[in-house]
Structures are given as structure tokens and as C-alpha cells.
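Everything on this sheet refers to the single structure shown next.
Only heavy atoms go into these numbers, but all of them, side chains included; no hydrogens, no water, no symmetry mates.
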Amino acid sequence: MHSDALWESWADLLADQGYVVIDQFLPAPILADLLAFFKAKQDELTPARVGALGERQQLSDVRSDLTFWLDKPRDTALASVFSWIEESLQRWNRLLFLSLSGYEFHLAYYPTGGHYAKHLDQFRSRNNRMISCVLYLNPHWKEGDGGELQLYDATGEVETLRIAPYMNRMVFFRSDVVWHAVRPAKAPRKSLTGWLLYQPSDVGAVLGA
Ligand code: OGA
Ligand code: MN
């Protein structure tokens with residue numbers, strides 16, 4: 001889909017800065033499949049939870065998105081999206097010498113006023129999330145709509161890059177060290193969000209809430 005040289009340059013950025021932002025990531029037909037699927041599932045999204053398994057809680061002051069966990073065997077309409085996810089995983093394995101071997105993804109919808117407080121994506125009790133992936137699905141996003149992905153420096157104290165959630169913009173970042181937040185959305189905000197995992201786990205399925 002994208003050239004070897006492009007993947008290499010993205011891998012360098014991911015390794016050096018801890019994140020990489022890629023515009024026009026998905027080919028148009030695959031993006032169309034994903035948007036159609038999102039529309040079809042819009043009514044099945046449920047409030048997201050925070051924390052893994054036993055410690056999971058629903059805390060709307062921490063995050064206020066609604067999610068729908070994907071399942072490859074069930075969600076056959078997304079076959080092309082899963083193959084793109086698998087290609088990414090293989091590229092990072094090869095270029096960054098990782099041992100990623102699974103993934104978990106959900107659709108996410110932030111209603112107006114929604115946000116996600118500053119956090120890391122690795123849970124204390126479950127640290128196999130290696131690379132976070134967010135693909136934005138907002139055709140009409142404009143300055144003032146909020147919902148940007150806010151990145152922080154290594155201390156988690158200083159704001160660095162603020163990334164607008166433009167349609168078909170993909171962000172990959174390290175799940176273990178990159179502090180981030182979703183700024184309050186002033187308009188509904190959609191994404192496909194997921195994690196490339198060090199070891200496959202069925203926890204994602206259990207988490208599916
Ligand atoms: C998350 C998250 C960022 C975004 O779901 O863990 O940080 O931009 N999402 O949606
Ligand atoms: Mn996160």
C-alpha cells in the first residue's frame with residue numbers, strides 16, 4: 001500500500017520521537033468500508049471503561065467516549081481494515097525489531113463535551129500494549145472543534161504537540177512512555193483506536209465494554 005521507503009521514514013520517526021503522524025493513511029475504498037461500518041454500529045457503542053479487568057471502572061471524569069470493540073471473525077465487513085492493521089504490525093516488527101503478535105481495536109465516539117484525561121496506555125497490571133494507533137474519522141473537523149490529541153513530554157507535565165483529528169490521519173505512538181490526552185470535543189469526534197500487543201491476549205475481548 002505505501003512504499004518501503006515511506007514505512008522506513010515513519011519507523012525512524014516513531015523510534016526517534018516516540019510517535020509518528022501520517023496523513024491520508026488508508027486507501028479511499030478501505031476508509032469507505034470503515035466509515036460505513038461505523039455508521040452501522042453507531043447505536044451499539046457503549047461507555048468506555050478505565051483500567052484492566054478487576055480494576056476496571058467507568059469514570060466519566062476520566063474519559064467520556066463510547067466504544068465498540070472489533071472482532072475479526074465476526075466483523076467480516078472490516079477484512080480490509082484488519083489486513084491494514086496486520087501490515088502495520090509486520091512493518092513495525094521488521095523495521096523496529098519488535099515482537100508484536102496481536103492487536104485489539106475499537107471504534108470510539110466522543111460526544112460534544114467528551115474528553116480523555118492525561119494518561120499512558122500501558123496499565124500497571126497489563127503491560128503488553130506496545131504501540132497505540134489512532135485513525136481519525138472526522139470529515140468536517142475544523143479549528144475550534146476541539147478533540148485534539150494532546151501529547152506531553154517524557155515527564156508528562158509539559159504539553160508538546162497538539163494533533164488535530166483530521167479525516168484519515170493516523171497517529172502511532174509508544175504505549176509505554178507517551179503521555180497523552182484528548183482535549184474536550186466541541187463537536188462529535190470519531191476514531192478507530194487500538195493497540196499492537198506484545199503477546200496475544202484474550203483480555204481485550206473481556207474488556208469489550
Ligand atoms: C485512548 C486514547 C486518543 C485519541 O483511547 O486511549 O488515548 O486521540 N485515544 O482518541
Ligand atoms: Mn490513550
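- In this structure, the side chain of H180 engages the main chain of H119 through a donor-acceptor pair within 3.5 Å.
- Ring centers of F172 and W92: under 6.0 Å apart, within the cut-off.
- Follow the hydrophobic side-chain contacts under 4.5 Å out from L197 and you never reach V134; the two are in separate clusters.
- Note on V178 and V182: separate hydrophobic clusters, where clusters join Ile, Leu, Val, Met, Phe, Trp and Tyr whose side-chain heavy atoms are under 4.5 Å apart, directly or indirectly.
- Proximity of F105 to C133: side-chain heavy atoms (C-beta onward) are separated by under 4.5 Å at one or more points.
- Put simply, the side chain of Q90 does not reach to within 4.5 Å of the side chain of W7, judged on heavy atoms.
- Atoms CD and CZ, from E148 and R189 in turn, are 8.5 Å apart once rounded to the nearest 0.5 Å.
- Counting heavy atoms from C-beta outward, I85 and L196 have side chains that approach closer than 4.5 Å.
- Under the side-chain contact (heavy atoms from CB on, under 4.5 Å) criterion, W179 pairs with K118, L120, Y152, sequence neighbours left out.
- Residue L13 is not grouped with residue V177 when hydrophobic side chains (ILVMFWY) are merged at heavy-atom distances under 4.5 angstrom, including chains of intermediate members.
- The line from CG of L35 to CG of L26 is 9.0 Å long, rounded to the nearest 0.5 Å.
- When all heavy atoms of G114 and S64 are compared, the pair lying nearest together is CA-OG, 3.1 Å.
- Across all their heavy atoms, M170 and W84 have their closest contact at SD-CZ2, 3.6 Å.
- Across every non-hydrogen atom of D33 and S80, the tightest pair is OD2-OG, 3.0 Å.
- Electrostatic pairing of R174 and D121 does not count as a salt bridge here, judged by no charged N lying under 4.0 Å from a carboxylate O.
- Closest of all the heavy-atom pairs between N138 and P188 is OD1-O, 4.1 Å.
- Pairing each heavy atom of A181 with each of A117, the nearest pair is CB-C, 3.9 Å.
- Of the possible polar contacts, one joining the W141 side chain to the G146 backbone as a donor-acceptor pair under 3.5 Å is found.
- V171 is listed as a side-chain neighbour of Y136, based on a closest heavy-atom distance under 4.5 Å.
- Cluster annotation: I131 and Y103 are assigned to the same hydrophobic cluster (Ile/Leu/Val/Met/Phe/Trp/Tyr, side-chain heavy-atom contacts under 4.5 Å, transitive).
- Side-chain contact between D65 and L45 is absent, with no heavy-atom pair separated by less than 4.5 Å.
- You'll find the side chain of V62 reaches within 4.5 Å of the side chain of Y116, heavy atoms only.
- Listed by first then second residue, pairs satisfying side-chain hydrogen bond (donor to acceptor under 3.5 Å, both in side chains) with a partner in residues 13-30 read D23-R169, not counting sequence neighbours.
- A 4.5 Å side-chain heavy-atom check between D4 and R91 finds at least one atom pair inside the cut-off.
- Between W69 and D75 the shortest heavy-atom distance is O-OD2, 4.3 Å.
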For residues 157-167, please give each side-chain donor-acceptor pair under 3.5 Å, one per line with the distance, not counting sequence neighbours.
residue	atom	partner	partner atom	Å
E159	OE1	R162	NH2	3.0
T160	OG1	L151	O	3.1
R162	NE	Q150	OE1	2.7
R162	NH2	Q150	OE1	3.3

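- Taking CG from L70 and CG from L192, the interatomic distance works out to 6.0 Å, rounded to the nearest 0.5 Å.
- Rounded to the nearest 0.5 angstrom, E44 CD and T67 OG1 are separated by 12.0 Å.
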field: Stepwise side-chain contact (heavy atoms from CB on, under 4.5 Å) test for L31 and L137
entry: CA-CA 9 Å; L31 186 64; L137 302 172; 3.7 Å; yes
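- When the options F68, W195, F38 are evaluated for a ring-ring contact (aromatic ring centres under 6.0 Å, His included) with H106, the one that passes is W195.
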task: Apply the test salt bridge (Lys or Arg N to Asp or Glu O under 4.0 Å) to residues R129 and D176: give CA-CA distance (whole Å), side-chain angles for both, the deciding distance (0.1 Å), then the verdict.
output: CA-CA 7 Å; R129 289 179 168 181; D176 57 342; over 6 Å; no
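- L107 contributes atom CG, which lies 9.0 Å from atom CD of Q42 (distance to the nearest 0.5 angstrom).
- We find the OG-CE distance between S88 and M1 to be 6.5 Å, quoted to the nearest 0.5 Å.
- No single ILVMFWY cluster, assembled from side-chain heavy atoms under 4.5 Å apart, contains both L135 and F173.
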